[in-house]
Amino acid sequence: MAYTVNHEDIWIESTALLTWRQRFENAFNYENLTINKPSYSDYQPTRLQFHISSATVNQTIKVKIKYANRLTKSHLENAVICQYDSIKKDWIVVPHTINRKQQTLDFTSNAIGVFTVFINYYWYSAFTQRIADEYPNWTKIRQSKESTGQLFLNYFGIELETIQNYLEWIHEQKYIGTADVAALDWIQMYQLPTVTSTDDLKFLRASGSTMVDVPILESLQEFFYNDANDGGIVDYQDSKFYTIKSYGKIVVNITRDGVTTTNALTSVDYHIWNTFDEFGLLLGVERLHLEKNQSFKDRILDVFRYPSGTHDIGLTNGIARELNMVTRADATGKSLVWTNDAKDLFLKNSSQKKIDIRSLRIDDKQLEDSQYAVDEMGNISIYALKTGASHTVSFIAGIEKYQLYEKSNRELHHMMFEEDGQATPTLLKWVEYINTVAPVMWDRFRWDEGFWDTIDKQLTGLGYVPNIWDSDIEVWKDYVFESER
């Protein structure tokens with residue numbers, strides 16, 4: 001039997017029941033380590049330290065440590081995972097792999113214990129040899145990376161490599177397919193009383209029956225890449241405190257001129273604009289409150305997967321996209337993938353949330369009529385593809401549409417019309433709103449504006465009223481200005 005732990009910081013699969021805790025133990029030995037014996041090595045521990053305990057000491061455990069927003073690309077590529085040897089008082093390297101898709105550090109161990117991610121802050125950079133190649137062939141600085149010259153130049157090589165990694169990351173954000181879905185999107189903001197950089201601030205949060213410190217981070221880099229996943233940063237100009245995690249209510253002690261005041265603070269959700277908001281702005285898709293990057297990315301791509309329009313299916317697509325009602329599901333209805341396409345996929349339909357068959361997609365491609373069947377209960381069976389690959393299945397469910405004058409929906413009709421058939425204030429308000437945001441009706445003109453929405457062959461564009469600046473200047477081409485007139 002396999003036991004699984006799935007947490008925002010770590011994933012563990014074990015053959016016996018275990019417990020875990022993330023805690024940095026200061027009493028461990030972090031000096032004179034074996035892993036620091038070779039040149040170009042300065043391994044230092046991160047706060048990604050996990051204590052795994054179990055009654056069964058020797059067992060197989062598979063671990064995935066999530067590094068997104070914890071480690072920079074440079075640190076990730078120069079990280080090792082070590083297990084603490086309590087007898088030798090040393091750290092033993094555990095082989096690991098980097099899972100870039102899931103953004104995790106993966107490893108397997110045959111015993112429980114304490115595992116820590118170490119970062120090498122003085123790795124040998126590829127730029128170092130390129131710099132050394134500018135020296136004459138006969139010099140030792142060019143011939144050997146163990147030379148004193150290369151040991152010195154490596155500092156600059158590391159800086160150049162770090163800059164290159166940042167530039168590569170920026171380039172990836174230009175395309176929605178490579179943009180980082182783990183980039184920060186929603187954080188917490190606390191409004192402080194007026195504070196200055198000379199004030200002594202101390203933030204506290206409840207942890208059980210005691211109050212513990214909330215660390216104050218010194219730089220934006222620490223905020224966006226925080227291996228402890230803890231703490232916040234102070235904006236002294238606007239008197240605000242931002243945290244990555246949600247601590248709920250916290251307390252801040254402000255000491256100024258020897259006098260300490262205590263204030264209770266409540267957080268509010270705060271959105272960090274990132275590259276996905278840029279893509280959404282281009283396509284007219286707004287991020288929903290507390291919507292994460294992955295969900296927002298899917299809705300942006302749904303502009304093309306489920307194009308909207310004024311026809312029935314277009315309205316369905318538009319409504320589903322704006323309200324995040326496009327479901328990507330497996331046979332159980334959960335947001336997973338169809339992992340075994342050797343068997344038919346069964347989607348259970350319900351009268352309360354009926355699936356629109358026209359919206360069925362496999363890997364974002366519309367289904368042919370021969371690829372599925374619908375039984376008398378409305379349940380859908382998608383025939384096995386037998387490709388051996390996994391697939392994403394998506395559909396729209398639960399949308400009902402009615403025309404404003406339709407009487408079949410008595411509740412809606414009562415909202416729209418009075419007993420004598422006259423329009424209610426609600427209907428008048430809706431009509432006014434529609435004519436304001438989409439003035440597509442004839443005989444409507446905005447007298448204070450010189451342009452309006454129009455429909456051309458590309459179904460887009462603006463019409464406009466010519467003004468003096470648009471006048472034909474051909475009649476003036478031979479005109480000569482006579483200054484004496």
Is a side-chain donor-acceptor pair under 3.5 Å present for Thr178 with Glu172? no
Taking atom types as modelled and ignoring hydrogens, do the side chains of Gln59 and Asn110 form a donor-acceptor contact shorter than 3.5 angstrom? no
Are Phe115 and Phe107 close enough that some pair of their side-chain heavy atoms sits under 4.5 Å apart? yes
Residues forming a side chain to side chain donor-acceptor pair (under 3.5 Å) with Lys64, sequence neighbours excluded: Asp106
Please check: side-chain N/O of Glu161 versus main-chain N/O of Tyr124, any donor-acceptor pairing under 3.5 Å? no
Among residues at least two apart in sequence or on other chains, which ones pass side chain to side chain donor-acceptor pair (under 3.5 Å) with Ser359? none
Among all residues two or more places apart in sequence or in another chain, which pass the ring pair (Phe, Tyr, Trp, His ring centres under 6.0 Å) test with Phe276? none
Does any non-hydrogen side-chain atom of Asn293 lie less than 4.5 Å from one of Arg287? yes
Restricting to pairs with a member in residues 84-94, which pass side chain to side chain donor-acceptor pair (under 3.5 Å), not counting sequence neighbours? Thr34-Asp90
Ignoring hydrogens and geometry beyond distance, is a side-chain donor-acceptor pair present between Thr255 and Thr260 at under 3.5 Å? yes
Going by atom types alone, do Asn29 and Glu31 pair a side-chain donor with an acceptor below 3.5 Å? no
Who passes side chain to side chain donor-acceptor pair (under 3.5 Å) against Glu411, sequence neighbours left out? none
When you look at CH2 of Trp186, are more than 12 heavy atoms from neighbouring residues, nucleotides or ligands closer to it than 6.0 Å? yes
Apply salt bridge (Lys or Arg N to Asp or Glu O under 4.0 Å) to residues Asp199 and Arg256 and explain how you reach the verdict. CA-CA 5 Å; Asp199 294 337; Arg256 181 183 303 158; 2.8 Å; yes
Sequence neighbours excluded, the answer for side-chain contact (heavy atoms from CB on, under 4.5 Å) partners of Arg361 is Tyr306, Gln366, Ser394
Quick one: do the Asn120 and Ser41 side chains pair a donor with an acceptor below 3.5 Å? no
So do the side chains of Leu71 and Leu105 get within less than 4.5 Å of each other, counting heavy atoms only? yes
Return the set of residues passing side-chain contact (heavy atoms from CB on, under 4.5 Å) with Glu222 (not counting sequence neighbours), or none when no residue passes. Leu217, Glu218, Ser219
Under a 3.5 Å distance rule, please check whether Asp213 uses its side chain to pair with a backbone N or O of Pro215 as donor and acceptor. no
Hits for side chain to side chain donor-acceptor pair (under 3.5 Å) against Asn26, two or more places apart or cross-chain, chain-then-number order -> none
Less than 3.5 Å apart, any donor N or O on the side chain of Glu278 or Trp273 sitting next to an acceptor on the other? yes
Sidechain-backbone polar pair: Gln129 side chain, Arg142 backbone, donor-acceptor under 3.5 Å: yes
So, the side chain of Asn78 versus the backbone of Tyr121: is there a donor-acceptor pair under 3.5 Å, distance only? no
Tyr30 vs Phe118, test: side chain to side chain contact (heavy atoms under 4.5 Å, CB included). Steps then yes/no. CA-CA 10 Å; Tyr30 301 110; Phe118 280 77; 4.2 Å; yes
Under 3.5 Å, is there a donor-acceptor pair linking the side chains of Lys145 and Thr128? no
Side-chain donor-acceptor pair present, His271, Asp277, cut-off under 3.5 Å: yes
Backbone of Lys292 reached by a side-chain donor or acceptor of Asp185 within 3.5 Å: no
Asp302/Arg305 salt bridge by N-O under 4.0 Å criterion: yes
Does OH belonging to Tyr135 count more than 12 external heavy atoms closer than 6.0 Å? no
His391 (side chain) donor-acceptor with Ala389 (main chain) under 3.5 angstrom: yes
Is Asn253 reaching over with its side chain to a backbone N or O of Lys202, donor-acceptor style, under 3.5 angstrom? no
Could you tell me which residues satisfy ring pair (Phe, Tyr, Trp, His ring centres under 6.0 Å) with Tyr236, sequence neighbours excluded, listed by chain and number? none
Would you give me the side-chain donor-acceptor pairs under 3.5 Å for residues 240-248, sequence neighbours excluded?
{"residue": "Thr243", "atom": "OG1", "partner": "Lys245", "partner atom": "O", "Å": "2.8"}
{"residue": "Tyr247", "atom": "OH", "partner": "Asp230", "partner atom": "OD1", "Å": "2.3"}
{"residue": "Tyr247", "atom": "OH", "partner": "Gly231", "partner atom": "N", "Å": "2.9"}

Test item: Ser239 side-chain N/O and Val195 main-chain N/O as donor-acceptor pair under 3.5 Å: yes
Partners passing salt bridge (Lys or Arg N to Asp or Glu O under 4.0 Å) against Glu25 (at least two apart in sequence or in another chain): Arg23
Is a side-chain N or O of Thr46 found less than 3.5 angstrom from the main chain of Val117, in a donor-acceptor match? yes
I'd like to know if the side chain of Thr275 reaches the main chain of Gln173, judged simply by a donor and an acceptor atom lying under 3.5 Å from each other, with no hydrogens or angles considered. yes
side-chain contact (heavy atoms from CB on, under 4.5 Å) involving Thr162 - partner list, sequence neighbours excluded: Ser74, Trp123, Ile158, Tyr166
Neighbour count >12 (heavy atoms, 6.0 Å) for atom NE2, His7: yes
Is any side-chain heavy atom of Leu192 closer than 4.5 Å to one of Asn263? no
Hey, can you tell me if Tyr40 and Tyr122 have their rings parallel, tilted or perpendicular (30° and 60° cut-offs)? parallel
